[in-house]
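Data block below; observations after.
Below, chain A is the first sequence line, B the second, and so on; all start at residue 1.
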2 protein chains.
Amino acid sequence: MSISVLITDDHPVVRAGIRALLTNEPDMDVVGEASDGAEGVAMQQEFDPDVVLMDLRMPGMGGIAAIREIRAAHPDRRIVVLTTYDGDADIHRALDAGACGYLLKDTLGREVVNAVRNAAGGRKVIPSPVAGRLAEYTPRVDLTPRELEVLAYAAKGLRNKDIARVIGRTEETVKVHLKHIMSKLDAADRTEAVTIALQRGIIHIDD
Amino acid sequence: MSISVLITDDHPVVRAGIRALLTNEPDMDVVGEASDGAEGVAMQQEFDPDVVLMDLRMPGMGGIAAIREIRAAHPDRRIVVLTTYDGDADIHRALDAGACGYLLKDTLGREVVNAVRNAAGGRKVIPSPVAGRLAEYTPRVDLTPRELEVLAYAAKGLRNKDIARVIGRTEETVKVHLKHIMSKLDAADRTEAVTIALQRGIIHIDD
DNA sequence: CTCGCAATACCTCATTGGAGGTAGCACGAC
DNA sequence: GTCGTGCTACCTCCAATGAGGTATTGCGAG
């Protein structure tokens, strides 16, 4: 029996590439293509695929939220992330949300196929370059919601005083949050904290 | 006679997608795939394609440098950029380097095909979402080499004093550069200057 | 029930950062 | 030759930032 796969990616070119790779395999069957998270959730309900290939950062509902929704309804669904983003925060969030694999788009075609097959077989798929990021000296960093909020405003160039105003707190509180942020990210100042956070996928430019 | 196309992209999945899209067209022929800029330059020498589809930001030689090299040797070569990055600085640099088209990866498959055909026919290919960025209120910003250098260091969290030390200048000079940078980018402070520059493709995180 | 932690707020202090102005020098464009 | 511009450097001044510290509240885990 063949492995049914649902592709979820907002780039038509990428979808075409994955489809081309998988349809060459006699034991695989692409049952649908979704272009964002919400569509992905709906289509996996409809087609009940063995494996969902999922991009992160799509317009509308992103991949992480989609993974959570799918896993909530179908805890046994196999979801493999296929994305260009290699920030360790993204990897952690995806796996925490319930993904069973994480591939980067510079993965060779053959390896994508193998990953789908392994995922369908119930195995975890974490290639060594990705696994490296998980283990690396970057010890798992969790910013609190408040800290994320403050950091996002700092990235937009707001001064502590202005951040305090928009979140309805005192400037001193904002300073403490930023101090914790810089400490957690091992940043010398707010500017480096922002670049580190962007690099590791902790915040995004389009907030 | 069919249109010969060279694909240059570091993502195997994307290459497969483009190949799948173009080989469906009877008048198109994918003559090769390169995975970085240097390979792209070499392969277009070898295969003399009508159109080169070029990604930006590849490991080793990037797309911009590759476009410059190709155009220097073959001013009539048609080069179409196909990338995920929509910062206006990237678009400007690519067109300045000699690209005759600029597509984003969220372009529909059919439009990619049309773009290749138009490029081969000698027409410029700037879809409206991209053209929008060119015209947009973002009036072309050019940072000087020194300013780019200073901004990159600022992004890494160096203080003005430290930036001054590594570039062998006084702190006051660094301040002036940063002042000009913030003025050009319309940023409230160095932190916003960094995020704006990252967003618009003026600097990259992996400097 | 405690313990830990997030979030809040206050304090002091030294350093940094950014606004404003002026000005010399080198180089390329016109 | 002159103009514009990039790069350099100096000056002053005040606001903002970051490093220390302490402490209260509330909440969830154990």
(message) Measuring only between side-chain heavy atoms, which start at C-beta, is B:D29 closer than 4.5 Å to B:V5?
(response) no
(message) Closer than 4.0 angstrom, basic N to acidic O: yes or no for A:K175 and A:E172?
(response) no
(request) Would you tell me if any nitrogen or oxygen in the side chain of A:R169 comes within less than 4.0 Å of OP1 or OP2 on C:dT8? (result) yes
(message) Could you report the tightest heavy-atom contact between B:D142 and B:K184, atom names first, then the distance?
(response) O-NZ, 3.0 Å
(request) Let me know the distance between CE of B:M182 and C1' of C:dA19, rounded to the nearest Å. (result) 9 Å
(request) Write down the distance between CZ (B:R159) and C1' (C:dT15), rounded to a whole number of angstrom. (result) 9 Å
(request) For A:T144, answer base if it contacts any base atom (sugar-phosphate contacts may also be present), sugar-phosphate if it contacts only those atoms, and nothing otherwise; contact means non-hydrogen atoms under 4.0 Å. (result) sugar-phosphate
(request) Please work out if A:K175 contacts a base, only the sugar-phosphate, or nothing of the nucleic acid, heavy-atom cut-off 4.0 Å. (result) base
(message) Using whole Å, what does the distance between atom C1' of nucleotide C:dT22 and atom CD of B:E172 come to?
(response) 14 Å
(request) Assess the side chains of B:E111 and B:T107: does a donor N or O sit below 3.5 Å from an acceptor N or O? (result) no
(request) Please report, rounded to the nearest Å, how far the P atom of C:dA9 is from the NZ atom of A:K161. (result) 16 Å
(message) Strictly below 4.0 Å: does A:R190 bring a side-chain N or O up to OP1 or OP2 of C:dG17?
(response) no
(message) For B:D189 and B:P145, find the nucleotide of DNA chain D closest to each by heavy atoms; which residue's nucleotide sits nearer the 5' end?
(response) B:P145
(message) Once hydrogens and angles are ignored, does a donor-acceptor distance under 3.5 Å link the base of C:dG18 to the side chain of B:K179?
(response) no
(request) Check the distance between C:dA6's P and A:E149's CD and give it to me in whole angstrom. (result) 16 Å
(request) Would you mind reading off the distance between A:I163 atom CD1 and C:dT8 atom P, rounded to a whole angstrom? (result) 13 Å
(message) I'd like the 5' and 3' limits of the part of DNA chain D contacted by chain B, with heavy-atom contacts below 4.0 Å.
(response) D:dG6 to D:dC10
(message) How many whole angstroms separate atom NE2 of A:H177 from atom P of C:dA7?
(response) 6 Å
(message) Can you confirm whether B:D36 sits close enough to B:D10 that some side-chain heavy atom of one is under 4.5 Å from a side-chain heavy atom of the other?
(response) no
(message) Do B:V81 and B:L56 make a side-chain contact, defined as non-hydrogen atoms from C-beta onward lying under 4.5 Å apart?
(response) yes
(request) Provide, to the nearest angstrom, the distance between the CG atom belonging to B:N160 and the P atom belonging to C:dG17. (result) 4 Å
(message) Quick check on C:dA9: is either OP1 or OP2 less than 4.0 Å from any side-chain nitrogen or oxygen of A:T170?
(response) yes
(request) Please examine the side chains of B:T83 and B:L103, heavy atoms only from C-beta on, and report whether any two atoms are closer than 4.5 Å. (result) no
